[in-house]
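Right, one structure below, let's go through it.
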Amino acid sequence: MEYEFDAIIIGSGINGISAAIQLQKNGLNTLVTEQAAEAGGSTRTEALTLEGFKHDVGSAIHPMAYASPFLKGLDLESHGLEWVFPEIAFSHPFADGTAISCYDDLEKTSNQLGDDKAAFEKLFQPLLDNWEDLEHDLLGPLGIPGHPLEFLKFGFKALPSAKMLTEHYFKNEKTRAFFYGAAAHSCLPMDKLASSSFGLVLSIMALKYNWPFPKGGASELIKALISYYRSIGGKIGYNRKVRSIKELPRSETYLFDLTPKQLLEIEGTEFSSLYKKRMSAYKYGPGVFKMDWALKAPIPFLNEDCRKAGTIHIGLSTEEIEQSEKLVDLGKMYDKPYVLLAQHSRFDNTRAPDNMHTAWAYCHVPHGCDDDQTKLIEDQIERVAPGFKELILARSTKNASALNRFNPNIIGGDINGGKQDISQLFTRPIAKLSPYATSNKRIYICSSSTPPGGGVHGMCGFHAAQKVLKDHFSV
Ligand SMILES: Cc1cc2nc3c(=O)[nH]c(=O)nc-3n(C[C@H](O)[C@H](O)[C@H](O)COP(=O)(O)OP(=O)(O)OC[C@H]3O[C@@H](n4cnc5c(N)ncnc54)[C@H](O)[C@@H]3O)c2cc1C
């Protein structure tokens with residue numbers, strides 16, 4: 001049978017491009033086809049507010065891209081990528097004007113924690129020491145771990161809920177809230193199993209690498225990847241929404257950077273009814289309400305360290321963060337939602353005109369919720385940075401439906417391609433020895449709905465490509 005391509009990749013998100021690069025690097029003839037007018041999926045930068053301001057529409061802070069074992073090997077700096085390192089990775093402010101900050105230095109971080117200093121070091125030092133071994137087992141499909149003992153030790157800390165872990169390790173309310181700030185990225189209630197895994201991994205990223213981001217916006221990472229892909233002969237086409245396999249050129253394999261719901265809607269896939277049934281049971285998680293601002297001055301955080309941090313976690317006590325995430329899970333909103341905020345322009349003067357600034361933030365909302373959360377988010381920021389609202393020149397908001405229009409993979413506002421609870425953490429999209437393969441031997445799934453899940457790291461695409469290479473090309 002004559003094929004025009006060895007592999008066609010549908011969708012040019014970070015995972016689609018990563019899969020394409022890994023296949024092309026191994027000598028395959030590949031094509032990426034994208035429905036939008038530009039590449040990147042949720043990793044894109046636009047002038048959402050006023051001319052001269054650059055806002056990351058989706059992902060904004062990229063420690064996982066910086067640390068990704070796959071992306072690290074591509075020397076993207078020689079394709080124009082520049083990393084910006086904020087002075088402090090992330091800060092967590094409190095109502096009394098104090099804050100705890102996470103530095104890329106364990107001791108400097110633990111020195112702020114009083115009675116909890118030793119416990120914080122006991123929790124993180126072994127994980128930092130063994131991270132290079134651990135990351136290979138954690139950033140891929142569940143299998144026989146390469147380093148079983150280290151994997152087991154990580155599992156004991158990562159499988160409990162963030163609530164259990166913090167109550168076991170820490171005495172102080174503020175240390176617990178500080179850990180919750182990273183754990184709540186999971187979009188899980190703090191008493192749900194495995195919520196601590198997100199707090200651990202994201203804190204390790206900060207303690208080891210800082211939380212950097214690309215100079216000029218998230219799109220710059222994608223531009224560097226596309227430049228690399230083209231330099232090795234890869235082809236990419238835009239403005240084509242794939243609805244059926246039959247409309248694509250003939251290819252030995254097809255890799256979909258889509259979530260299960262969308263993949264099931266593609267015609268001509270000839271999936272078995274059992275596979276379709278199991279994929280239909282895939283669960284999506286809460287949504288987000290996303291905001292961007294053009295500001296006439298930097299955010300006036302009460303706490304000086306918050307002014308030096310790239311990311312701020314706003315949830316002023318453990319109770320507030322617990323309530324916020326618990327209610328979202330129950331389909332309701334808390335009036336003081338946990339807010340993730342990034343302030344790129346403090347460290348990257350290409351983001352806004354001289355002396356002006358940008359801010360990026362979101363809060364979690366119930367799945368599919370389209371209510372406007374502007375007031376709740378801005379009120380939360382005002383509590384830790386009085387005077388913030390007076391600095392606003394323009395704002396942009398995106399509810400769940402608007403996010404889905406921006407990128408069809410954001411189902412119901414879910415930014416992680418599916419719920420990341422214990423039942424789906426390692427078994428995305430279904431429990432299967434190779435989660436990237438489908439019931440059709442020529443079709444694969446490579447999006448963040450596969451292990452290791454959401455985030456800009458490209459490891460889902462890399463592992464899917466490895467599976468294609470092994471199954472079809474004996475590499
Ligand atoms: C608001 C928001 C904030 C986030 N913050 C961060 C962060 O700070 N740090 C971080 O690491 N991660 C963050 N994330 C998560 C991260 O962006 C995603 O996990 C990641 O981008 C997923 O990449 P992907 O390649 O799997 O899919 P996507 O980026 O969703 O790409 C899928 C691509 O497929 C295309 N497509 C879909 N259907 C079709 C079709 N039928 N035909 C052709 N093309 C199609 C889409 O247009 C898109 O380009 C955030 C996401 C959002 C939305």
Side-chain angles (χ1 to χ4, degrees), residues 8-20 32-44 48 55-68 71 90 185 187 198 201-202 205 211-214 218 221-222 225 236-245 247-248 254-259 261-263 265-267 285 287-292 310-311 340-342 344 360-365 397-400 402-411 413-418 420 428 445-450 452-462 464:
I8 294 181
I9 298 91
I10 298 93
S12 68
I14 184 73
N15 287 309
I17 304 173
S18 297
V32 175
T33 179
E34 165 60 49
Q35 59 94 34
E38 62 174 296
S42 287
T43 312
R44 271 187 281 166
L48 291 173
H55 303 280
D56 290 333
V57 190
S59 61
I61 300 291
H62 293 104
M64 286 189 279
Y66 180 75
S68 160
L71 299 180
F90 65 84
H185 281 247
C187 302
F198 291 83
V201 171
L202 290 172
M205 295 282 114
W211 277 9
F213 46 84
L221 169 65
I222 300 299
L225 282 163
I236 182 158
Y238 298 104
N239 298 309
R240 175 182 201 164
K241 179 157 186 157
V242 175
R243 292 188 170 80
S244 164
I245 291 266
E247 71 194 49
L248 291 168
Y254 298 91
L255 287 83
F256 283 86
D257 186 11
L258 269 59
T259 79
K261 181 175 186 292
Q262 300 149 278
L263 181 56
E265 284 164 5
I266 302 287
E267 287 168 23
V288 309
F289 185 83
K290 167 77 197 322
M291 293 195 72
D292 290 275
T311 303
L340 286 104
L341 181 143
H344 301 93
W360 167 110
Y362 67 78
C363 71
H364 298 141
V365 299
T397 64
K398 279 198 175 6
N399 61 15
L403 284 167
N404 185 248
R405 282 193 297 279
F406 160 69
N407 176 357
N409 277 30
I410 306 179
I411 308 282
D414 177 347
I415 65 173
N416 288 313
Q420 311 209 93
R428 300 156 74 89
I445 175 166
C446 68
S447 69
S448 64
S449 304
T450 63
V456 177
H457 42 65
M459 294 304 291
C460 313
F462 167 76

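When a residue number appears, it is its place in the shown sequence, counting from 1. Both counts, for ligands and for their atoms, begin at 1 and track the order of listing. Reckoned from all heavy atoms, side chains included, excluding hydrogens, waters and symmetry mates.
- Close contacts of ligand 1 with Trp360, meaning ligand atoms under 4.0 Å from a residue heavy atom, involve 3 (C), 5 (N).
- The aromatic rings of His344 and Phe213 stand perpendicular to each other, their planes meeting at an angle above 60°, with 30° marking the opposite boundary.
- Expressed to the nearest 0.5 Å, how far OG of Ser18 lies from CG of Leu71 amounts to 5.0 Å.
- For Trp360 and Tyr362, the ring centers sit closer than 6.0 Å to each other.
- Here the closest heavy-atom approach between residue Asn404 and residue Ile410 is recorded as ND2-O, 2.9 Å.
- Atom CG of Asn239 and atom CD of Glu38 lie 10.5 Å apart (nearest 0.5 Å).
- Set against the non-hydrogen atoms of Ile410, the atoms of ligand 1 under 4.0 Å away are 53 (C).
- On a distance-only criterion, Lys241 and ligand 1 share no N/O pair closer than 3.5 Å.
- For atom 36 (N) of ligand 1, the closest non-hydrogen atom on the protein side is Gln35 CG, 3.7 Å.
- Set against the non-hydrogen atoms of Gly454, the atoms of ligand 1 under 4.0 Å away are 19 (O).
- If you run side-chain contact (heavy atoms from CB on, under 4.5 Å) between Val57 and each of Asn407, Thr43, Asp292, Leu48, only Leu48 comes through.
- Atom 30 (O) of ligand 1 has its closest protein heavy atom at Asn407 ND2, 2.7 Å.
- Under the 3.5 Å distance criterion, the side-chain polar atoms of Asn409 are left unmatched by any main-chain donor or acceptor of Ser42.
- Summarising the local packing, CZ of Phe462 is surrounded by more than 12 heavy atoms from other residues, nucleotides or ligands at distances under 6.0 Å.
- Taking the side chain as every heavy atom from C-beta outward, Val288 and Leu340 never approach each other to under 4.5 Å.
- Residue Val456 touches ligand 1 through backbone and side chain together, judged by heavy-atom distances below 4.0 Å.
- The minimum heavy-atom distance linking Ser12 with Ala39 is given by the pair OG-CA, 3.1 Å.
- Here's the thing with Leu403: none of its N/O atoms is less than 3.5 angstrom from an N/O atom of ligand 1.
- Some N or O of Ile61 is nearer than 3.5 Å to an N or O of ligand 1, by distance alone.
- Val32 and Ala20 make their closest contact through CG2-CB, 3.5 Å (heavy atoms, listed as atom of the first residue, atom of the second, distance).
- Checking only distances, Ser447 never comes within under 3.5 Å of ligand 1, N or O to N or O.
- Counting protein heavy atoms only, atom 4 (C) of ligand 1 is closest to Ser59 CA, 3.4 Å.
- Between Leu248 and Ile10 there is a side-chain heavy-atom pair separated by less than 4.5 Å.
- Of all protein heavy atoms, the one lying nearest to atom 47 (O) of ligand 1 is Glu34 OE2, 2.6 Å.
- To the nearest 0.5 Å, atoms CG (Asn416) and SG (Cys187) are separated by 5.0 Å.
- Less than 4.0 angstrom separates some heavy atom of Asn15 from each of these atoms of ligand 1: 23 (O), 24 (P), 25 (O), 26 (O).
- When Arg240, Lys241, Glu247 are each tested for a side-chain contact (heavy atoms from CB on, under 4.5 Å) with Thr33, only one passes: Arg240.
- Remark: distances from the non-hydrogen atoms of Gly417 to ligand 1 are all 4.0 Å or more.
- Side-chain N or O atoms of Gln420 include one that pairs as donor or acceptor with a backbone N or O of Gly454 at under 3.5 Å.
- Annotation for ligand 1: atoms under 4.0 Å from non-hydrogen atoms of Ile10 are 42 (N), 43 (C).
- Within ligand 1, counting atoms from 1 as listed, the ones closer than 4.0 Å to a heavy atom of Thr43 are 21 (O).
- At the shortest separation from atom 31 (O) of ligand 1 among protein heavy atoms lies Gly13 CA, 3.2 Å.
- The protein non-hydrogen atom at the shortest distance from atom 15 (C) of ligand 1 is Ile415 O, 3.6 Å.
- Counting heavy atoms closer than 4.0 Å to ligand 1, residue Arg243 contributes nothing at all.
- For Ile14, a nitrogen or oxygen atom sits less than 3.5 Å from a nitrogen or oxygen atom of ligand 1, counting backbone and side chain alike.
- For ligand 1, the polar-atom distance check finds no N/O of Arg44 at less than 3.5 Å from any of the ligand's N/O atoms.
- In Ile17, neither the side chain nor the backbone holds a heavy atom less than 4.0 Å from any atom of ligand 1.
- For Asp414, the salt bridge (charged side-chain N to carboxylate O under 4.0 Å, His left out) criterion is met by no residue, not counting sequence neighbours.
- Nearest to atom 20 (C) of ligand 1 by heavy atom, out of Gly455, Ala36, Cys460, is Gly455.
- Both the backbone and the side chain of Ser42 come within contact range of ligand 1, each with a heavy atom under 4.0 Å.
- Within ligand 1, counting atoms from 1 as listed, the ones closer than 4.0 Å to a heavy atom of Met64 are 11 (O).
- The single protein non-hydrogen atom nearest to atom 1 (C) of ligand 1 is Gly58 CA, 3.7 Å, given as residue, atom name and distance.
- Ligand 1 has no atom lying under 4.0 Å from any heavy atom of Tyr238.
- Applying the 4.0 Å criterion to heavy atoms of Gly40 picks out, from ligand 1, the atoms 29 (O).
- Here the CE-NE2 distance, from Met205 to His62, works out to 13.5 Å after rounding to the nearest 0.5 Å.
- On a distance-only criterion, Leu258 and ligand 1 share no N/O pair closer than 3.5 Å.
- Residue contacts with ligand 1: Gly41 is placed with a nitrogen or oxygen under 3.5 Å of a nitrogen or oxygen of the ligand (distance criterion only).
- Not a single heavy atom of Cys446 lies less than 4.0 angstrom from ligand 1.
- Of all the heavy atoms of Phe213, none lies under 4.0 Å from any atom of ligand 1, so neither backbone nor side chain is involved.
- When side chains are defined from C-beta on, Asn15 counts as touching Ser448, because their heavy atoms get closer than 4.5 Å.
- Atom 42 (N) of ligand 1 has Val242 N, 3.0 Å as its closest protein atom, hydrogens excluded (heavy atom only).
- Distance CD1/Ile222 to CD1/Ile14: 4.5 Å, rounded to 0.5 Å.
- Distances between N or O atoms of Lys290 and those of ligand 1 include no value under 3.5 Å.
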